[in-house]
Every structure is written in structure tokens, then in C-alpha cells.
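Read the numbers this way: they start at 1 and go in the same order the structure lists the ligands and their atoms.
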Amino acid sequence: MKKYCLGNWKMNQSLEEVKAFSKDFQESSNDLYIGIAPQAIHIPYLLENTQIFIGSQNCSEHKSGAFTGELGPQFLNELGAKFSLIGHSERRQLYKETTESCIEKIKNALSNDLLAVYCIGETLQEFEQNQTKEVLKNQLLPLLETFSINDQDNIVIAYEPVWAIGTGKVPTLDIISDVTSYIHDLCLQYKQDYSVVYGGSVKPANIKDISQIPSVQGVLVGGASLKAESFGALCRAF
Ligand code: PEP
């Protein structure tokens, strides 16, 4: 299965920092799919000045029209963007995105040749109450009931425990292995087998162990993707 090293810059990076990253980042996408989702305004610069895949942090479920502030997949594709994160926990929590709206966004992304990186994960409370698999199942079933084996290469599932994002807390390797195996098994019940990446406080210090878990096909990284040096170190672990 293909491996992915994906960066989510969120609402960070000045133009100067984007330029410095582009100059210093030496890796290129060959066997490993290396992608960065910057603020949308920096997509054109990164497309012109790097050798990696550039994507968006979100995209609209609508084709075009009166949707102020939204990003249309058709227009992202026109620019040369290659993927979109969909359903990141910050979008779900801060902007009230639902699994149902995420499925519509994935449909729209796929119709416009964007790889959809579908983010799922449980909150701390759900984790502590042993509800992780139930929560993930609820987030995954609408996906599995909508798409098919034909979409296999166009969707990646990002397992991101909400409590691990930006906190420095990482689940044990056994938990990451168990949960990502569960995701693969559930997908297989629907005759689908997507690449599954892990996200949540991935750093150069823990990437070696995480990258060796057989049910993990890569990582989605926030903080450690901002600097060329640390993101490069993560890419080299695969
Ligand atoms: C993320 O934003 O998806 C993420 C995983 O962030 P961090 O690596 O900073 O925890």
C-alpha cells in the first residue's frame, strides 16, 4: 500500500516562512506521497516552488455559487492542488461539520480529482469511556456505505485521536496498532481497504516507532510539519 507523509499547517506560516520552507525542504514525492496543506492563499506559491503534493485543509460540498469563504474543489483542481483534508477535528468542533457534510465534501473532492483525506477520531472523554471504536464506526460507516472499491486509491483515512492533536500526548503503539487494524478490518467488511494514516503529536522523536506499525500507512502532522528540517526527518522515516 502507498505510504503518506502529510502536513497540516492550519492557520500558520507567514509568506516569509512559506518561502523559507520551500527553499529548505529537499524531499520529493516518489514512492512516498509527501503533501502539505497550507493556508489556501499559499497554495499557488508552494505549487510553483516545491516538488511535493499541495492540498487544502477543507473543501466545499458545493460546486459553485453563493458560499462566501468556501473553497471549491473544482477551483483547487484547476490550480493544481492534489488533495484535501476533510473533517479535521478542528473543523468538526469549531465549525460544526458533521460526518454527513464530510461525505458530501468527499464526493465533491473525488469528482474533481482530489485525493480525500478523511479525518476521524475520538475525544478524550470518549477515549476514557472506552468508546473509541464505536465513535470511529459511526464516522466510518457512512463512508463505507457511500463509496466502493473503485474509490480505493482516492481516499485516505486519517485516524487522529482528538486528545492527541497538538497536546504532545500520543496513544501507546499498541493502541495505535489496535485501532488502525480495527479500521482496516471494518473497511474490509465492506470490501474496501483504504490507506490509514495516524495523526496526533507525531514528532521526529516518535516517528520511527509509529512508522513501523504494519496497519499504519503514514502520518498526518501539524506542528512538526511547519519546519523543513522536522518534516524532512518525518518523511525520511518511511
Ligand atoms: C493535526 O493538526 O492534524 C495534527 C495531528 O497536529 P499535531 O501534529 O500538531 O498534533
Is the shortest N/O to N/O distance between [X] and ligand 1 below 3.5 Å?
X      : answer
Glu90  : no
Glu160 : yes
Gly222 : yes
His88  : yes

Is a salt bridge present between Lys133 and Glu122, judged by a nitrogen-to-oxygen distance below 4.0 Å? no
Ion pair check, Glu97 and Arg92, cut-off under 4.0 Å: no
Select one of side chain, backbone, both or neither to describe which atoms of Asn8 lie under 4.0 Å from any atom of ligand 1, heavy atoms only. side chain
Closest to atom 10 (O) of ligand 1 among Gly223, Cys119, Gly166 (heavy-atom distance):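 Shortest heavy-atom distance from atom 10 (O) of ligand 1: Gly166.
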Decide yes or no for [X] and [Y]: does some side-chain heavy atom of the first lie under 4.5 Å from some side-chain heavy atom of the second?
X      : Y      : value
Lys3   : Val219 : no
Leu226 : Gln13  : yes
Thr146 : Lys107 : yes
Phe231 : Ile36  : yes

Do side-chain atoms of Tyr118 reach the backbone of Gln139 as a donor and acceptor pair under 3.5 angstrom?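 Between the backbone of Gln139 and the side chain of Tyr118 there is a qualifying donor-acceptor contact (under 3.5 Å).
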Side-chain donor/acceptor of Ser29 to backbone N/O of Ile34, under 3.5 Å: yes
Which of the numbered atoms in ligand 1 are under 4.0 angstrom from any heavy atom belonging to [X]?
X      : value
Lys10  : 1 (C), 2 (O), 6 (O)
Ala164 : 10 (O)
Ile165 : 1 (C), 2 (O), 4 (C), 6 (O), 10 (O)
Val221 : 8 (O)
Gly200 : 5 (C), 10 (O)

With the threshold set at under 4.0 angstrom, would you say Lys203 reaches ligand 1 through any of its heavy atoms?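 No, Lys203 has no heavy atoms under 4.0 Å from ligand 1.
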Out of curiosity, is Ser89 lining ligand 1, as in a heavy atom under 4.0 Å away?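 Under 4.0 Å: no for Ser89.
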May I ask you to decide if the ring planes of Tyr33 and Tyr4 are parallel, tilted or perpendicular, using 30° and 60° as cut-offs?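 Answer is tilted, since the angle falls between 30° and 60°.
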